[in-house]
Amino acid sequence: MTTATPAASQPAPDTAYTADEEARIIRNSSGLPVGIKPKMVWTWPKALLWAAIAIVCALAWSVLAIARGEQISAIWFVVVALSSYAIAYRFYAYYIQIKIMRTDDANATAAERVQDGANFERADRRVLFGQHFAAISGAGPLVGPILAAQMGYLPSVLWIILGVIFAGAVQDMLMLWISAKRRGRSFGQMATDEMGKVGGLIISVFLVVVTAIAMAFLALVAIKAMASSPWAVFSLGMTIPIALIMGCYERFLRPGRVIETTILGFVLLVLAIVGGGMIAANPVLAPIFTLNAKQLVVALVLYSFAAAALPHWLLVTPRDYLSTLMKIGTLALLVIGVVIANPQVQVPALTTLASRSNGPTFSGNLFPFLFITIACGALSGFHGAVSSGLTPKAIEKENQIRMIGYGSMLVESFTAIIALIAAITISQGVYFSMNMSPAQIEATAGSAYSASASPEQNAAAAVSRMDVQNIEGQRMRVEWQSGGTVVTGAEALDAAAHDVGEETLVSRTGGATTFAIGMANFLKSYLGGEGSMAFWYHFAIMFEALFILTTVDNGTRVARYQIGDLLGNVRKLRKFADPTWRPGNLITTFIATALWGTMLYMGVSDANGGINAMVPIFGISNQLLSAGCFMLVTVCVVKAGLGRYAWIPVVPLVWDVAVTFTADFEKIFDPQLGYFATASSLRASIDSGQLEGEALANAYASLSNAYLDGVLSVFFLVMMAAFLAVGVKTVVSTVRTRAYGDHLTSQEPFLESNWFAPSGLIATRLERKVQHEFEHHPARRAELG
């Protein structure tokens, strides 16, 4: 590691340091303070504090692991998550920082090196933390844990917390680190530089396909929540003009007035939610905003194309900012709601479905399918695309990488914990009624199913046939508390729908509706009471949709750049690699939206709700991409001569490969779970001639999905196996030739920094003192003229 040579200098007149403080300050050759060496300073109060945190953490884990046959408070989930995250961030992430990353604030980051005012621009660490969190946090942390709750709370909470600590957050931080050290290069570019053209081409093609699947899955979740709901459609639709107003307000009317723009956006959001209720109650306007799933697909594709093609400041930037504000603020409100409401867990640690492979929310055994279902809440390969090439171009100092990379992923994991609480604290009967498709309800109800009965009556009949018990060992029931009265059966589902302002909640698959119900339950406890359920439910739907649209927008742009790079490799199409070429942008944006739009349309056409088919393919592809991220990180760590620490990325790499390859093999070859087996069964039903009308159309739609998912499963397995083989070959070659050192990698050479910025969200006392000296230092004033 190269460090700037300190020069004789005096701090600002009113800045004085102790000897220990001065020893930690990094100065460049002009004597300008440009950083502070990371150091774990221990005092007795700190030691006692961390000992207390560790004891509380161990106690909370014991409660969740040991409690059987009795009610437990959801507050324990919050305690175990926050204490585990705190310990992991303070110790494990710090260990990785000093042993592998060896961050050096004397070295200029990509943003400082280039500083072109467009792609490379220093961003305040707090703003960049929010932008990065907004980009990585889509529907995954909200939906995955809810779907996985069918197997019980214990496997989910173990994977969400331990998975993010040792895998997800490690991946995000190290991908951000290797990209920041390589002038913000993208995943594909770094793979080409470090592993050769074959590895770069494989991962670039893989990224395009995975991004299309991820966008289709996330959009499908939003559509399932909004379909046939005029309140949700109007409220979400209004976020587009709100974002346009915010963008124009800050750019033309009041430049730089962030607080004013924030207040304006918040007020307009509240009015949009209230207005949605009025629209839904109006017999003339409600039909206009009542769209079915296929109509919403068209609307979403058109919107995403426009959002990706329009200037960034006009729509995407203000809506992303609004989304980040809502995400962080709503998460804080939910934590308060959980503490005040103190909901009791209704689901046992392990349900009977944990030992079966025919669960209604997703099919497959606990291993491996629970781990790919939870997806983004613990580990997400899509984050590797965001952590490389985008965020690294804006980082001010290397020591901020731990806070932005590791810290933001911990926040996403905590979002997944809140989503899990939402799913396990409502009536299990209501949970399954919402998350079973009509076909699953009919199959589960058996002889109790009636074509003339209401969806609520059939759902209640199906639940009564399920062999599932609650946390106290009693048979599951459909029940709902409304107005102080507990109702059961079909009446409970009617009451639940009425309380949240919907016609029905049955078969609202995908998890979004379940999260909204749970969120409304938390917030009504201290913000409005029973009468506010409808408002908070639709606020939650808009909250989730903003989560999703933020990721869909960023994902569409990422796919557009990747498609442009791929086309640019062809000599006659080289111009597509230029991101400033407007026709190329429009063409690649059209290709990107057409890819995921087609898959999305196939998803909503599936009689099984689409979710059941798309969850495995999304989870497998997303976490196979994580294997690619860990492989690239391992290559970079070994080539840097840090092979003794390679176990840090290798351990999650081995686990991820075991999970994803097992899941992929089962989805290809298993006679019950396999896509091709499903396709054969559907083909036999179609050829029998017994299906007609809508049933025949649904069968053909499901057949197309099965064949597509099967082909994609084979594609993913072959492509990632080839990429991993290239990576292993690179590592073996490096070890055999002992060609170690940063100079043998694509890492940028040391360049002296002239900039200072704090490392954490909240500046320490020493950082504030150094910031004051930096701003008043003679060398700084001379630079500013």
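- Scanning all heavy atoms of the two residues, the minimum distance from Phe630 to Pro649 falls at CD2-O, 3.7 Å.
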Handout entry: Stepwise side chain to side chain donor-acceptor pair (under 3.5 Å) check, Ser83 with Trp61
Key = CA-CA 10 Å; Ser83 57; Trp61 274 114; 5.8 Å; no

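- Here the shortest heavy-atom pairing between Leu379 and Gln171 reads CD1-OE1, 3.8 Å.
- Using a 4.5 Å heavy-atom cutoff, the side chains of Val430 and Val478 are in contact.
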Exercise for the section: Start with the C-alpha distance between Tyr537 and Asp499, add both sets of side-chain angles, then the distance that settles side chain to side chain contact (heavy atoms under 4.5 Å, CB included), and finish with yes or no. Expected result: CA-CA 9 Å; Tyr537 170 84; Asp499 286 350; over 6 Å; no

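- For Trp50 and Phe91, the gap between ring centers is short of 6.0 Å.
- Remark: of the listed residues Leu505, Thr509, Val506, Leu505 is the sole one forming a side chain to side chain contact (heavy atoms under 4.5 Å, CB included) with Met434.
- Heavy-atom minimum distance, Val339 versus Ile75: O-CD1, 3.8 Å.
- Counting non-hydrogen atoms of neighbouring residues, nucleotides and ligands closer than 6.0 angstrom, the CD atom of Glu503 reaches no more than 12 such neighbours.
- Taking a 6.0 Å sphere around CZ of Arg356, one finds it holds more than 12 heavy atoms contributed by other residues, nucleotides or ligands.
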Problem - Working for side chain to side chain donor-acceptor pair (under 3.5 Å), residues Thr351 and Gln150 - result: CA-CA 7 Å; Thr351 70; Gln150 71 172 2; over 6 Å; no

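- The shortest distance between side-chain heavy atoms of Glu412 and His383 falls below 4.5 Å.
- Side-chain contact, Gln346 with Ser427: no donor N or O sits under 3.5 Å from an acceptor N or O.
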Exercise for the section: Let me see the working for Phe618 and Cys376 under side chain to side chain contact (heavy atoms under 4.5 Å, CB included), right down to the final yes or no. Expected result: CA-CA 10 Å; Phe618 166 72; Cys376 305; 4.1 Å; yes

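- The shortest distance between side-chain heavy atoms of Asn521 and Pro343 does not fall below 4.5 Å.
- Counting heavy atoms of neighbouring residues, nucleotides and ligands inside a 6.0 Å radius, atom CH2 of Trp42 exceeds 12 of them.
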Problem - Test log, rule side chain to side chain donor-acceptor pair (under 3.5 Å), inputs Thr514 and Asn435 - result: CA-CA 8 Å; Thr514 306; Asn435 288 287; 2.9 Å; yes

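- Between Tyr92 and Tyr406, the ring centre distance reaches or exceeds 6.0 Å.
- The heavy-atom pair separating Ile146 from Tyr431 by the smallest distance is O-OH, 2.5 Å.
- Between Tyr89 and Ile165, the closest side-chain pair of non-hydrogen atoms is not below 4.5 Å.
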